[in-house]
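First up is the structure itself, then whatever we jot down about it.
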Amino acid sequence: ALAALARAGALVRHFTLNIDGLARAAGLATWHPGQPAPGGPTVELHGCVREVVCPDCGRVAEADEAFLTAARARADTSCPACTAGPLRPRVLLYEDAEDGVITPAAALDLLEAEAAGADLILWVGLSFEQSASAAYFRDVRRSLAAAGRGPRGAEGGGSDGAASGGGGGGSGANSDRSASPHVLPP
């Protein structure tokens, strides 16, 4: 569905926490660290298992057979660009000390800037039971409130500016396990 929106010119940006690369497989162009500006609508905030990154120089490349063979043997693969430390999968882990090469500040700045100017924000496929997805939601909601933009329509939240429900205007989400809306505190 997102690829169809992109083909129709209706998708400005797609920020995903998924690391599976399925947005690419569906035909969505992807931006990642190392590129000067978003070249496609998809920004993989938590990286992609189909790529490797050098923690030292930030070079991103497809995970090739040489890397996969070395990983199976529990051996390191040096970066071909800087020959420094070992390459690693471009996937954000909990308490990741190298999070800046997976999710650079530029990606989070882009999320905040584009959310502030968006006419519509869809939160799709999130249960908000994982702390990172709830944190992104709260950050975007705060930046919208700071810009004087809050939820619209009957589904708008209470005085804290939270939105609920999955349809209509504003930003919100439904739980994966039930149809009841979630309203996250600021």
Side-chain angles (χ1 to χ4, degrees), residues 1-55 57-68 71 87-94 96 98-141 143-144 163 165-177 181-182 184:
L2 292 174
L5 286 172
R7 284 190 300 273
L11 180 67
V12 173
R13 190 75 57 224
H14 167 228
F15 293 94
T16 183
L17 305 181
N18 294 332
I19 61 170
D20 52 23
L22 291 180
R24 294 176 200 199
L28 291 171
T30 304
W31 174 77
H32 59 72
Q35 293 176 325
T42 298
V43 177
E44 296 167 321
L45 291 174
H46 288 180
C48 179
V49 297
R50 299 171 191 224
E51 293 179 333
V52 295
V53 64
C54 176
C57 72
R59 179 183 184 269
V60 175
E62 292 296 316
D64 61 11
E65 192 58 40
F67 174 80
L68 297 174
L87 296 175
R88 63 166 279 181
R90 193 176 78 82
V91 174
L92 186 67
L93 304 173
Y94 288 99
D96 197 330
E98 299 167 334
D99 62 341
V101 295
I102 308 299
T103 309
L108 299 176
D109 292 346
L110 181 67
L111 171 63
E112 185 175 328
E114 290 195 350
D119 292 327
L120 175 68
I121 298 172
L122 301 174
W123 293 92
V124 180
L126 294 174
S127 68
F128 291 96
E129 301 212 7
Q130 196 275 333
S131 61
S133 57
Y136 290 131
F137 178 78
R138 287 185 185 113
D139 288 348
V140 167
R141 195 179 68 197
S143 68
L144 289 172
S171 46
N174 284 333
S175 170
D176 292 337
R177 293 178 295 170
H182 286 275
L184 299 175

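Everything numeric here is computed off the predicted structure, so don't read it as measured data.
- When all heavy atoms are compared, the tightest approach of Val140 to Ala115 is CG1-CB, 3.5 Å.
- No donor-acceptor pair under 3.5 Å is formed between the side chain of Asn18 and the backbone N or O of Asp20.
- Contact annotation: the side chain of Thr16 never approaches that of Leu2 to less than 4.5 Å [non-hydrogen atoms, C-beta and beyond].
- The closest side-chain heavy-atom distance from Val60 to Val52 is not below 4.5 Å.
- When all heavy atoms of Ala3 and Leu28 are compared, the pair lying nearest together is CA-CD2, 3.8 Å.
- The heavy-atom pair separating Phe15 from Ala107 by the smallest distance is CE2-O, 4.1 Å.
- Taking the side chain to side chain contact (heavy atoms under 4.5 Å, CB included) definition, one finds that Ile19 meets it with His46, Val49, Val91, sequence neighbours left out.
- The structure places CD of Glu44 at 4.0 Å from CZ of Arg24, a figure rounded to the nearest 0.5 Å.
- Looking only at side-chain heavy atoms (C-beta outward), Val53 and Ile102 come within less than 4.5 Å of each other.
- Residue Leu11 holds its CG atom at 7.0 Å from OG1 of Thr42, rounded to the nearest 0.5 Å.
- Between the SG atom in Cys57 and the CG atom in Leu87 there is a gap of 8.0 Å [rounded to 0.5 Å].
- To the nearest 0.5 Å, the span separating CG on Asp99 from CG on Leu92 amounts to 6.0 Å.
- Under the side chain to side chain contact (heavy atoms under 4.5 Å, CB included) criterion, Asp139 pairs with Arg142, not counting sequence neighbours.
- Put simply, CZ on Arg90 and SG on Cys48 are 6.5 Å apart, with the number rounded to the nearest 0.5 Å.
- Judged as a side-chain hydrogen bond (donor to acceptor under 3.5 Å, both in side chains), and not counting sequence neighbours, the contacts of Arg88 are Asp96, Glu98.
- Side-chain contact between Val43 and Thr30: absent, with no pair of heavy atoms (C-beta onward) separated by less than 4.5 Å.
- Here the shortest heavy-atom pairing between Arg7 and Ala26 reads NH1-O, 4.4 Å.
- Note on Arg13 versus Glu112: no salt bridge recorded, every NZ/NE/NH1/NH2 to OD/OE distance being 4.0 Å or above.
- Taking CG of Asp64 as the start and CZ of Arg50 as the end, the distance is 15.0 Å to the nearest 0.5 Å.
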